[in-house]
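Just so it is clear, the model here is predicted, and its values are computed rather than measured. Throughout, numbering of the chain's residues begins at 1 and tracks the sequence.
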Amino acid sequence: RTLQYGAERGDGKFLAALTDFLTVKSGFPVKAEQLLTTNGASAALDLICTLFTRPGDTIIVEEPTYFLALGIFADHHLRVHPVPLDHEGLDVDALERLLDEVRPKFVYSIPTFQNPASVTLPKKRREQLVRLAEKHGFLVIADEVYHFLDYFQPAPQPLAVYTDRYEQILSINSFSKILAPGLRLGWIQAHPGMIDRLVRSGLLESGGGLNPFTSAIVSYLIESGDLAENIRKLHDVYRLRSGSMTAALEHYLPEVEYQHSQGGYYFWVRITEKDTSSLREIAQTRKIDFRPGRLFSSQEGLNGYIRLSISYHEPQQIEEGIRQIAKSIKEH
């Protein structure tokens with residue numbers, strides 16, 4: 001059965017297991033008809049762009065935002081308008097002012113442990129964002145792939161909580177951050193009416209369900225409790241690495257500005273007024289790398305920032321990396 005094309009919404013056993021998992025982890029009832037299996041979050045975002053936008057349409061993103069999402073939007077020839085972030089995430093008041101000037105097809109947001117800024121949108125702003133979507137008729141694409149990686153304090157309920165009442169909210173998620181990126185497996189959580197629209201896409205009608213073989217494997221990992229255990233392990237590992245990153249920044253780079261990360265993968269660090277792309281070239285000669293801030297701007301700004309990640313290296317490697325970045329800054 002798992003080697004057939006499969007149902008368009010995804011393998012039924014997998015969706016049932018995912019429904020139970022999300023109901024427990026998210027803290028509210030989730031129904032299987034609210035879920036659609038995808039080939040990861042990027043493929044989900046591309047599918048949404050294909051179905052709900054046309055070249056030249058306007059969308060709104062956070063500034064900064066996930067830089068590879070900007071590439072997907074460029075593929076679809078969309079006009080991107082930025083809205084700034086502050087220490088509590090998307091500035092929803094600034095968004096409301098922008099909506100007097102533009103009519104977006106959707107707002108793309110990473111509401112929890114944002115990539116790259118690591119900030120989290122509080123409940124009050126989430127509710128305000130949903131109200132604006134209702135009033136102005138745009139979609140909210142919530143990229144919630146870091147939602148379950150809260151190491152120091154619980155995250156607010158995901159924007160997916162609103163999908164039982166509002167068709168405008170689409171939450172995309174993935175096993176890439178909580179299990180393994182090579183699985184290329186994720187899901188969209190949305191109102192059942194919106195899921196029906198996604199299922200009627202030419203892609204799914206032609207190719208059948210996405211990733212039925214991998215989802216059959218992952219359904220066993222969910223049912224056995226191994227996925228929940230893996231997330232608990234990730235919390236322990238990443239909490240330690242996050243602490244190491246913080247300690248190293250305070251020791252080697254006490255003058256820089258950054259948000260203390262409460263979860264997710266990233267530290268968003270303001271280094272200098274200069275272009276950190278040239279700093280990156282120096283760091284690479286020391287076998288150290290980071291993402292320069294310019295990548296995360298839809299307006300070619302944010303030149304003084306860098307994004308650092310805790311996801312791959314051990315604490316001692318993280319400390320050595322920051323030490324080498326500090327040396328690179330002096331040379332720069």
Side-chain angles (χ1 to χ4, degrees), residues 9-10 14-38 40-41 44-45 47-48 52 60 62 66 83 85 88-93 95-96 106-115 118-178 186-199 222 227-228 231 235 262-264:
R9 287 202 309 114
F14 165 71
L15 291 174
L18 181 60
T19 296
D20 293 341
F21 170 80
L22 292 176
T23 295
V24 172
K25 288 292 291 181
S26 301
F28 58 89
V30 176
K31 302 173 184 176
E33 55 264 33
Q34 292 175 267
L35 301 175
L36 171 70
T37 307
T38 69
L45 188 57
L47 175 62
I48 292 167
F52 297 106
I60 292 174
E62 297 163 335
Y66 174 45
V83 171
L85 296 177
E88 289 191 324
L90 177 68
D91 186 338
V92 185
D93 289 336
L95 170 63
E96 188 167 13
F106 64 75
V107 171
Y108 171 70
S109 175
I110 309 168
T112 308
F113 311 130
Q114 201 257 7
N115 178 8
S118 202
V119 292
T120 295
L121 199 67
K123 181 180 179 181
K124 183 177 179 181
R125 289 196 187 185
R126 293 172 189 242
E127 292 172 344
Q128 185 181 358
L129 177 58
V130 173
R131 288 196 300 270
L132 288 176
E134 267 270 284
K135 178 180 177 180
H136 294 273
F138 59 82
L139 301 176
V140 175
I141 313 304
D143 191 338
E144 307 205 88
V145 297
Y146 304 100
H147 186 83
F148 299 123
L149 298 179
D150 50 344
Y151 317 135
F152 299 103
Q153 61 185 35
Q157 284 189 319
L159 275 169
V161 71
Y162 299 103
T163 58
D164 64 334
R165 289 172 287 162
Y166 301 98
E167 288 204 23
Q168 287 96 336
I169 313 301
L170 293 93
S171 169
I172 59 179
N173 216 316
S174 171
F175 291 94
S176 292
K177 306 300 185 288
I178 57 175
W187 67 93
I188 296 174
Q189 186 170 343
H191 188 278
M194 179 60 72
I195 294 294
D196 287 343
R197 294 175 67 183
L198 292 167
V199 166
I222 298 172
L227 176 62
I231 293 174
H235 281 199
Q262 299 298 311

What is the minimum heavy-atom distance between Ile110 and Gln114, and which atoms define it?
-> O-CG, 3.2 Å
Side-chain donor or acceptor of Ser26 paired with backbone N/O of Thr23 under 3.5 Å = no
Side chains of Ile60 and Leu95: does their closest heavy-atom pair fall under 4.5 Å?
-> yes
Is Lys31 atom NZ crowded by more than 12 heavy atoms from other residues, nucleotides or ligands, each under 6.0 Å away?
-> no
Please confirm whether the backbone N or O of Trp187 pairs with a side-chain atom of Thr38, one donor and one acceptor, at under 3.5 Å?
-> yes
For residues Val145 and Tyr66, determine if any side-chain heavy atom of one lies less than 4.5 Å from a side-chain heavy atom of the other.
-> no
Sidechain-backbone polar pair: Arg125 side chain, Leu90 backbone, donor-acceptor under 3.5 Å = yes
Considering all heavy atoms of both residues, which atom of Leu170 and which atom of Ala190 are nearest to each other, and what is their separation?
-> CG-CB, 4.3 Å
Are the side chain of His136 and the backbone of Phe138 linked by a donor-acceptor contact shorter than 3.5 Å?
-> no
Heavy atoms, side chains only, cut-off 4.5 Å: are Gln189 and Ile172 in contact?
-> no
Flag side-chain contact, heavy atom, 4.5 Å: Thr37 against Leu15 = yes
Approximate separation, where rounding is to 0.5 Å, of Leu35 CG and Leu22 CG = 6.0 Å
Taking all atoms of both residues into account, what is the closest heavy-atom pair of Asn173 and Glu144, and its distance?
-> ND2-O, 3.0 Å
Between Val140 and Phe106, is any pair of side-chain heavy atoms under 4.5 Å apart?
-> no
Return yes if some donor-acceptor pair links the side-chain N/O of Tyr151 with the main-chain N/O of Gly264 below 3.5 Å, else return no.
-> yes
Nearest heavy atoms of Ser174 and Ala41, plus distance in Å | CB-N, 4.0 Å
Got Met194 and Gln34 here, is their nearest side-chain heavy-atom distance under 4.5 Å?
-> no
If we ignore angles and hydrogens, is there a donor and acceptor under 3.5 Å between the side chains of Glu62 and Ser109?
-> yes
Once you round to the nearest 0.5 Å, how far does CZ of Phe14 lie from CZ of Arg9?
-> 11.5 Å
In terms of heavy-atom contacts, does CZ of Arg165 have more than 12 from other residues, nucleotides or ligands at under 6.0 Å?
-> yes
Exercise: identify the closest heavy-atom pair between Ile231 and Ile178 = CG1-CB, 4.0 Å
What is the distance from atom CD1 of Ile141 to atom CD1 of Ile169, rounded to the nearest 0.5 Å?
-> 8.5 Å
Before giving the answer on side chain to side chain contact (heavy atoms under 4.5 Å, CB included), spell out for Gln157 and Phe28 the whole-Å C-alpha distance, their side-chain angles and the decisive distance to 0.1 Å.
-> CA-CA 9 Å; Gln157 284 189 319; Phe28 58 89; 3.7 Å; yes
Student check: side-chain heavy atoms of Leu121 and Glu88 closer than 4.5 Å | no
Run the numbers on Leu227 and Phe175 for side chain to side chain contact (heavy atoms under 4.5 Å, CB included), then give the verdict.
-> CA-CA 10 Å; Leu227 176 62; Phe175 291 94; 3.7 Å; yes
Inter-residue atom distance Leu159.CG - Glu127.CD, 0.5 Å rounding = 10.0 Å
Indicate whether any N or O donor in one side chain lies under 3.5 Å from an N or O acceptor in the other, for Tyr108 and Asp143.
-> yes
Note, Phe148 side chain near Lys177 side chain (heavy atom, < 4.5 Å) | no
Considering all heavy atoms, the nearest Arg126-Thr112 contact | NH2-OG1, 2.9 Å
